[in-house]
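One structure below.
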Amino acid sequence: MEKLILAIETSCDETAMCIIDTNKKVYAHVVNSQAQAFESLGGVVPELASRMHVDNIFYVFLETLQQANVTIQDIDYIAVTTGPGLIGSLLVGINFANSLALLYNIKLIPINHMQAHIYANSLTTDLIYPHLALIISGGHSDLVYLDKPLHFQLIGQTLDDALGETYDKIARLLGLSYPGGPIIEKKAQLGTCEYQLPMPKKDQSLDFSFSGLKAACYNLVNHLKMKQQDININNFCASFQNTINNILLYKLQLALQQYDVKQISVSGGVSCNQSIQATLKAHFDNIIFPNKALSTDNALMVGLLAVNYLNNNQAIFKKQLNALPNINVEYQWDKN
Ligand code: KG4
Ligand code: ZN
């Protein structure tokens, strides 16, 4: 008999819920994004994000139950993102989950948001191991090695800015709106790589660094402004996009020299970028990407991770949870 899971995600600026069963049948998938509210502000304002989660969460819950045509009494487990993320945002989803679990006597499954991004790729097929996962999101840029299911080893991470954050900051520098990734991607398609940008951390380390590239972009723009020269935004975006493609390709090739893997997955908000996808697909034939709705934050990836834990008999059950805003992809809950 399949079990029914209500999954909840509120780690940043999406209030999202889904209902999925242990056979990966999806009954409901609702994402309420606050991105539009932050468009003119250039990024997420944490206090506003948590307030908006409070306003939205009950309606997202009702819509999710309605879409699935079930009641809360039909739910066997609640899986909720517990970290990493913005503490105020996380607490809204966690507190909602805690209350439902207490009222209806439902088991809670804590979810690591970074692990969930990886398992967004497991909707239609299981991942193949040994597996290399590249997570590129607004808050993280991680390379993760999995020798077997649900066994995460962080082998590379950003030493400064995350990749999505870099897209967002460069967009702001160019006077483009938030989130920066989609708009830079669009403009890059119309431009040519006219500007010279440095490729940071072209060394033997699997870590990333994007602050040097960001500084070079700021310097170039300031230099052009001082010389009263116009910046060709499309060409600038094309040059930036091309540099990012080269960095990701270089680091994945380096990781493959050190780790024997059967499959590579890319996930996180930046992974829906078509230029990145085309570059990496041209070099690796065993590489997978989630569909667009599963690349940016959503609750289906939270549900999918819970399904993987349950089906591997590795799920941890809790009666009550609290936020862990700073955990990394390796963090696992103990049984107590
Ligand atoms: O995974 P995500 O939804 O949130 C976090 O967990 O951080 O990622 C959001 C990030 C933003 O920085 C946004 O600019 C970036 O993903 N992004 C993109 C694209 N779409 C979203 N970056 C590059 N190209 C895109 N098409
Ligand atoms: Zn995320």
Side-chain angles (χ1 to χ4, degrees), residues 2-12 14 16-31 64 75-85 90 93-94 97 101 106-129 131-137 139-140 142 144-154 263 265-269 271 288-291 293-318 321 323-325 327-335:
E2 302 302 338
K3 299 285 188 189
L4 219 49
I5 302 155
L6 168 69
I8 303 176
E9 158 63 42
T10 63
S11 68
C12 189
E14 268 86 24
M17 290 196 201
C18 103
I19 294 177
I20 185 172
D21 72 16
T22 38
N23 203 22
K24 297 189 197 166
K25 180 170 176 200
V26 180
Y27 294 80
H29 180 208
V30 179
V31 182
T64 305
I75 300 294
D76 298 292
Y77 303 107
I78 298 174
V80 59
T81 299
T82 309
L90 286 166
I94 293 168
I106 305 172
K107 285 178 180 166
L108 286 172
I109 302 178
I111 292 294
N112 181 321
H113 182 81
M114 304 316 295
Q115 297 178 3
H117 268 305
I118 297 175
Y119 278 84
N121 275 296
S122 71
L123 179 62
T124 46
T125 54
D126 287 337
L127 301 188
I128 302 169
Y129 306 88
H131 186 95
L132 177 67
L134 169 67
I135 313 171
I136 36 178
S137 70
H140 295 82
D142 290 347
V144 186
Y145 175 70
L146 293 91
D147 58 343
K148 57 185 181 189
L150 306 166
H151 198 240
F152 305 88
Q153 191 188 341
L154 182 61
Q263 189 183 45
S265 66
V266 189
S267 58
S271 71
I288 55 171
F289 296 82
N291 72 36
L294 286 185
S295 65
T296 46
D297 286 350
N298 65 88
L300 186 44
M301 68 185 197
V302 173
L304 282 167
L305 182 65
V307 170
N308 278 275
Y309 271 112
L310 286 164
N311 291 348
N312 279 283
N313 291 320
Q314 286 187 50
I316 298 285
F317 304 113
K318 298 280 180 187
L321 289 166
L324 296 169
I327 55 175
N328 74 17
V329 69
E330 293 181 357
Y331 186 89
Q332 302 280 13
W333 281 260
D334 57 34
K335 289 214 160 85

Just how far is it from atom [atom1] of [X] to atom [atom2] of [Y], taken to the nearest 0.5 Å?
X	Y	atom1	atom2	value
Ile94	Lys318	CD1	NZ	13.0 Å
Thr81	Ile111	OG1	CD1	7.0 Å
Leu321	Leu90	CG	CG	11.0 Å
Ile288	Asn121	CD1	CG	4.0 Å
Ile118	His131	CD1	NE2	6.5 Å
Asn311	Leu150	CG	CG	10.0 Å

*CA sep, side-chain torsions, deciding dist, call: Leu146, His151, side-chain contact (heavy atoms from CB on, under 4.5 Å)*: CA-CA 5 Å; Leu146 293 91; His151 198 240; 5.6 Å; no
Check: [Y] and [X] side chains under 4.5 Å, non-hydrogen atoms:
X	Y	result
Gln263	Leu127	yes
Glu9	Met17	no
Leu6	Ile106	no
Leu132	Val144	no
Cys18	Asn298	no
Ser265	Phe289	no
Ile5	Ile19	no
Val307	Ile20	yes

*Strictly by modelled atom types, are Asp21 and Tyr27 linked by a side-chain donor-acceptor pair under 3.5 Å?*
yes
*Does any donor atom in the side chain of His113 or Asp297 lie under 3.5 Å from an acceptor atom in the other side chain?*
yes
Indicate the atoms forming the closest heavy-atom contact of [X] with [Y], along with that distance.
X	Y	result
His117	Ser295	CE1-O, 3.5 Å
Pro84	Asn112	CD-OD1, 3.9 Å
Gly93	Thr10	N-OG1, 3.2 Å
Asn308	Ser122	ND2-OG, 3.2 Å
Lys3	Asp76	CA-OD2, 3.4 Å
Leu305	Tyr119	CD1-CD1, 3.6 Å

_Tyr77 ring center near Phe317 ring center (under 6.0 Å)_ = yes
Backbone N/O of [Y] and side chain of [X]: donor-acceptor pair under 3.5 Å:
X	Y	answer
Thr82	Val80	yes
Glu330	Leu154	yes
Gln314	Tyr309	no
Gln115	Phe152	no

_Classify the ring geometry of Trp333 against Tyr331: parallel below 30°, tilted from 30° to 60°, perpendicular beyond 60°._
perpendicular
_For Leu294 and Leu123: C-alpha separation, side-chain torsions, deciding distance, then whether side-chain contact (heavy atoms from CB on, under 4.5 Å) applies._
CA-CA 9 Å; Leu294 286 185; Leu123 179 62; 3.9 Å; yes
